[in-house]
Amino acid sequence: MRASQYLIATQKETPSDAEVISHQLMIRAGMIRKLAAGLYSWLPLGLKVLRKVEAIVREEMNRAGAQEVLMPVTQPAELWQESGRWEQYGPELLRMQDRHSRPFCLGPTHEDVITDLVRNQIRSYKQLPANFYQIQTKFRDEIRPRFGIMRAREFLMKDAYSFHTDQASLQETYDIMHKAYSAIFTRLGLDFRPVLADTGSIGGSHSHEFHVLAASGEDDIAFSTESDYAANVEMAEAIAPEGSRPSPSETMQEVATPGQHSIEQVSTFLDVPAASVVKTLIVQGDDEEAPLVALVVRGDHELNDIKAEKLHGIAAPLTFACEEQIRANLGCSVGSIGPVGLKIPVIVDHSAAHLADFVCGANRDGVHLTGVNWERDCRIDDVADIRNVVPGDPSPDGKGVLEIKRGIEVGHIFQLGTKYSEAMNAKVLNEEGREQVMIMGCYGIGVSRVVASAIEQNHDENGIIWPDALAPFQVALIPINIQKSEQVRETCEKLYTQLQERGLDVLFMDEEKARLGAMLADVELVGIPHRVVIGDRGLENGEVEYRHRRETENRTIGLNDIIEFLTKTIE
RNA sequence: CGGUGUGUAGCGCAGCCUGGUAGCGCACUUCCUUCGGGAGGAAGGGGUCGGAGGUUCAAAUCCUCUCACACCGACCA
């Protein structure tokens, strides 16, 4: 491609509303432009990258035996009413009416449509298993779109749905998808981890998220230093400390702690480590007998609400008791609560239950207790895993300890079961000639988000550094003084033609008035991996200059060898 | 949804407090010089000052309403 015929919309200044580096660089490199909140146009350069991701995803999905389809973005409400999601789905579902006042929505996902399609087309177990996918624009009316393309309202997603007659078959396809996803992210050149994930409200037994590791990620991922265990912190199991609880050595005493509420304040005030203090949280129960429940974790730990709301007796979604409820029931304010003398159920985290001689609130404002011991001074009704894991915790698989890093969720696979097929009556005849509800799996990849995550992981102060598989162009050809030197012009034209004949995607910076510095800056910002600079000075000696985007020094290469060199390097 | 803040040229911003009819940098157009890491000079083009209403002789500036956008928040215990 000749730069003179291509829109290279780079800009020096960073827009003031771009927070994360990928957003800033995508704007500056001229990949995307914002149309409205969470809505972006893709310029030629950005679209080229997006298409590359798409192509790799498509190839690997086809290789894994999935069949491509394309379903409408606009979907009739009927289907959503049938699956029950018209009511369930919140304001993220953009609803509208057509000219006949018939209700429709913009598809945030396509389970309902695919289930309808398949129930009408597939009648026999002989046609199963089957896995259909599409690469399609989705719309989710996010409360707060942010980070550019990373959390946009309209985005490109690959979604696949598989159908089965039994769990074993679903498991088989699930495993194939797991492998295909690993192959995709490996080919894309990303540092990623498949992690165990929460299945959320959808249920089902198995779910993995694929995360690209990057500091700007919105999720915390825990993984083992010794094994391939990895899980979303929401899910990662905090295993109980070994051995039995130390025996009490102190007597329980009241201490005045005026105005000290937070764990940090209390531990500083009493000069004890946060790990020797317990925090007691009061949440809503789901039983009329026990409308409130106390949850106790160690002072240096955080409650994991997903784990907590799964426990018996606790209302889901997890809801904290309000100030008035606490005062009415316990007679103190938050900040002075402790397990001693509580009349409501007390559920204690493993680590907190392992403490002896700990500190806690006295259920009276401005008073704490020291030297408190379980059983002797207060009840434990239940011990459970209700905290987030922290770095250094033992890995649940017994190998190594946990480390925590931030991740960007780029893929999610899960076993849906029969949630949709049952609601929508999607059945086949099985071997015995009986009707049977199909079992489903679903598998998504955020195609546009992959582009942003690749940039989060690959950039420097000069701009984007594309992994080879994603680069919009492979080679940039940069002439010096093309408007003056006939020699430079002819050499470049010839190289341009020859490189294209070798099948390389070349950007020829052929603009007469472009200055060297500006061209180099653009090529670096845009992130083209290989660049060749051609000038009279080098040509005198039959040489050109080559530099890889990751290097800081030029290499001198013979004019006659450059074609061969690039062809070999880029393979 | 709640809190805060911002809307002035394609982008980044000043001007607003203290009303007098719009400016800077980058980008863009033309010409000259320059040309090995975002050149210099000269001359230009481009703005219903987010929108509506009001106050005033006069509104980007003051007042009211409205729209859009952005940031922060949903575990203090």
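Worth knowing before you read on, the calculation uses all heavy atoms, side chains too, and leaves out hydrogens, waters and symmetry mates. This one's a predicted model, so the numbers in the text were calculated from it and none came from an experiment. We name chains A, B, ... by the order of the sequence lines, and we start the count at 1 in each one.
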Distance-only side-chain donor-acceptor flag, [X] / [Y], under 3.5 Å:
X	Y	result
A/Arg515	A/Asn481	no
A/Glu511	A/Ser4	no
A/Asn232	A/Asp220	no
A/His412	A/Ser207	yes
A/Glu543	A/Thr556	no
A/Gln487	A/Asp536	yes
A/Ser351	A/Arg387	yes

Let me know, please, whether A/Phe147 or A/Phe320 comes out on the 5' side of the other along RNA chain B by nearest nucleotide.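 Residue closer to the 5' terminus by nearest nucleotide: A/Phe147.
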Let me have a per-nucleotide readout for nucleotides 35-40 of chain B, 5' to 3', with B, S or -, counting only protein heavy atoms under 4.0 Å. BBBBB-
Considering only atom [atom1], compute the distance from [N] to [M] and round it to an integer number of Å.
N	M	atom1	value
B/rA39	B/rU34	P	16 Å
B/rG12	B/rC69	P	16 Å
B/rC57	B/rC71	P	43 Å
B/rA60	B/rG19	C1'	10 Å
B/rA74	B/rC17	P	38 Å
B/rU61	B/rG23	C1'	15 Å
B/rC35	B/rG44	C1'	24 Å
B/rC49	B/rC76	C1'	45 Å

How many Å lie between [atom1] on [X] and [atom2] on [N], as a whole number?
X	N	atom1	atom2	value
A/Asp365	B/rC76	CG	P	18 Å
A/Leu295	B/rC76	CG	P	15 Å
A/His368	B/rC76	NE2	C1'	11 Å
A/Arg151	B/rC71	CZ	P	12 Å
A/Arg33	B/rA27	CZ	P	15 Å
A/His23	B/rC69	NE2	P	14 Å
A/Arg327	B/rA77	CZ	C1'	13 Å
A/Glu512	B/rU30	CD	P	13 Å

Measure from NZ or CZ of A/Arg95 to the centre of the six-membered ring of A/Trp86, then state whether that distance is under 6.0 Å and the direction lies within 45° of the axis. yes
Is the cationic atom of A/Lys48 (NZ for Lys, CZ for Arg) positioned less than 6.0 Å from the six-membered ring centroid of A/Phe473 and within 45 degrees of its normal?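 Yes, a cation-pi geometry.
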Among residues 272-284 of chain A, which residues get a heavy atom nearer than 4.0 Å to RNA chain B? A/Lys279, A/Thr280, A/Leu281
Residues touching RNA chain B, which here means a heavy atom under 4.0 Å, drawn from residues 260-268 of chain A: A/His261, A/Ser262, A/Ile263
Residues in side-chain contact (heavy atoms from CB on, under 4.5 Å) contact with A/Lys138, at least two apart in sequence or another chain: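 So A/Lys138 forms a side-chain contact (heavy atoms from CB on, under 4.5 Å) with A/His110, A/Gln134, A/Gln136, A/Phe155, A/Met157, A/Asp159.
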Mind checking what makes side-chain contact (heavy atoms from CB on, under 4.5 Å) contact with A/Val255, not counting sequence neighbours?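 For A/Val255 the side-chain contact (heavy atoms from CB on, under 4.5 Å) partners, ignoring immediate neighbours, are A/Thr257, A/Leu270, A/His368, A/Thr370.
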Which nucleotide wins on minimum distance to the side chain of A/Ala37, given the candidates B/rA77, B/rC71, B/rC69?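 So the nucleotide nearest the side chain must be B/rC69.
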Should [N] form a Watson-Crick or G-U wobble pair with both distances under 3.5 Å, which nucleotide is its partner?
N	answer
B/rU48	none
B/rC35	none
B/rC16	none
B/rA68	B/rU6
B/rG73	B/rC1
B/rU29	B/rA43

[atom1] of [X] to [atom2] of [Y]: how many Å apart, nearest 0.5 Å?
X	Y	atom1	atom2	answer
A/Thr569	A/Ile557	OG1	CD1	7.0 Å
A/Met509	A/Tyr6	CE	OH	12.0 Å
A/Leu342	A/Thr280	CG	OG1	7.0 Å
A/Ile21	A/Ile464	CD1	CD1	9.5 Å

If we only count heavy atoms from C-beta on, is the A/Ile534 to A/Leu495 side-chain gap below 4.5 Å?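 Side-chain contact under 4.5 Å: yes.
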Dump every N/O contact between nucleotides 1-6 of chain B and the protein below 3.5 Å, one line per pair.
none

